Amino acid sequence: MNYKIVIRVVSKFLIPYMLLFALYVQWHGDFGPGGGFQAGVIFAAGFILYGIVFGVGNLRDVVPAWVTRTLLAGGVLLYAGVGVAGMLMGGSFLNYSVLAATPTGGQHLGILLVELGVGVTVAAAMITIFATFSSRER
Amino acid sequence: MIVVAVAIARLHNLFAVVMLTGIFSLLGAAAYVVLDAVDVAFTEAAVGAGISTVLMLGTLALTTSEERTAPRDRVILALVVVVLTGAVLVYGTLDMPFYGDPMAAIHQHVAPRYLGASGAEIGIPNVVTSILASYRGYDTLGETFVIFTAAAGVLAILGRARGPGTSKPTKAEREDAEV
């Protein structure tokens with residue numbers, strides 16, 4: 001489909017920056033606006049743009065269904081696992097202060113991991129929903 | 001935003017309606033920025049204007065893009081219900097404190113403790129993040145489960161419809177279909 005060449009070139013150019021911006025939002029949520037939810041959505045938007053422009057089949061070659069399904073559950077497990085780890089290390093559920101040597105260090109680590117779990121789940125969920133919706137049309 | 005809302009209600013072409021809801025979300029995000037709620041604005045712009053527009057377009061591709069006009073006889077009843085609900089909501093806002101009022105109830109309860117102590121307790125400059133991920137960790141865990149459940153529900157309803165085992169044809173199957 002040559003008539004989409006502008007869209008193809010521009011989106012090929014943009015997608016890496018979208019993913020990079022998503023990672024920035026993910027890891028920089030402690031200091032500026034942003035966090036797991038927003039980063040996950042932006043990350044998924046990069047993949048969804050790829051899916052729209054190049055077709056869901058190609059998208060599924062990049063991220064197969066088993067990858068998004070595993071990440072979907074893995075993000076939630078990471079979040080809950082951080083909570084359980086806090087319990088095992090002597091605190092209460094989702095108390096991050098015991099995770100590292102100092103309470104603030106533990107909070108930093110816990111929030112980082114929890115936000116990562118949120119971001120992974122949100123991104124996987126958005127990609128899954130998009131791919132499932134659009135692979136139905138035939 | 002009012003103009004866009006009226007246009008959404010008047011239009012029958014659902015494709016245009018989806019685009020206008022995206023514009024509505026973007027205007028809402030701008031309003032949140034004006035209210036200094038940058039985190040909320042960020043989420044609204046990404047989720048409301050971005051992803052939901054794409055998902056609605058996907059739904060339109062599955063169904064139809066023209067609205068079926070409703071029968072006219074229920075219009076008066078619907079108008080009465082909407083006007084009454086709107087009047088009750090407006091009446092409710094009369095008791096609300098003015099925007100930015102420091103004596104409002106919401107600024108008296110736990111907010112001073114979060115703002116004062118989160119720097120020492122959490123050590124993170126963005127208070128929104130420390131509330132979201134640490135003080136309100138259970139809530140965020142619940143929200144993550146909601147998103148997980150939503151995707152699992154979509155998979156359960158739509159994912160297996162094509163055949164047992166896969167929600168997408170393998171590469172070889174696609175090549176077969178093209179031949």
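In what follows, every chain begins at residue 1, and chains take the letters A, B, ... in the order their sequences are listed. Every value quoted in this text rests on a predicted model; they were computed, and no experiment measured them. Computation of the quantities below employed the complete heavy-atom set of this structure, encompassing side-chain atoms and omitting hydrogens, waters and symmetry-equivalent molecules.
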From [X] atom [atom1] to [Y] atom [atom2], the distance as rounded to the nearest 0.5 Å:
X: A:Leu72; Y: B:Ile147; atom1: CG; atom2: CD1; answer: 9.5 Å
X: A:Thr132; Y: B:Leu155; atom1: OG1; atom2: CG; answer: 5.0 Å
X: B:Phe42; Y: A:Phe37; atom1: CZ; atom2: CZ; answer: 14.0 Å
X: B:Thr43; Y: A:Gln38; atom1: OG1; atom2: CD; answer: 3.5 Å

Should [X] and [Y] be counted in the same cluster of Ile, Leu, Val, Met, Phe, Trp and Tyr side chains packed under 4.5 Å apart?
X: B:Ile23; Y: B:Val6; value: no
X: A:Leu59; Y: A:Ile7; value: yes
X: B:Leu26; Y: B:Leu55; value: no
X: B:Val146; Y: A:Leu77; value: no
X: A:Val62; Y: A:Val53; value: yes

### OH (B:Tyr32) with more than 12 external heavy atoms under 6.0 Å
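Open.
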
### Query
Counting only heavy atoms not in B:Leu89, do more than 12 sit closer than 6.0 Å to its CG atom?
yes

Please state whether the side chain, the backbone, both or neither of [X] comes within less than 4.5 Å of a heavy atom of chain B.
X: A:Ala124; value: neither
X: A:Ile48; value: side chain
X: A:Phe130; value: both

### Query
Is chain A contacted by the side chain of B:Leu141, its backbone, both, or neither, given a heavy-atom distance below 4.5 Å?
both

### Task
Could you look at B:Val47 and say if it's the side chain, the backbone, both or neither that has a heavy atom under 4.5 Å from chain A?
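Both the backbone and the side chain of B:Val47 come within 4.5 Å of chain A.
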
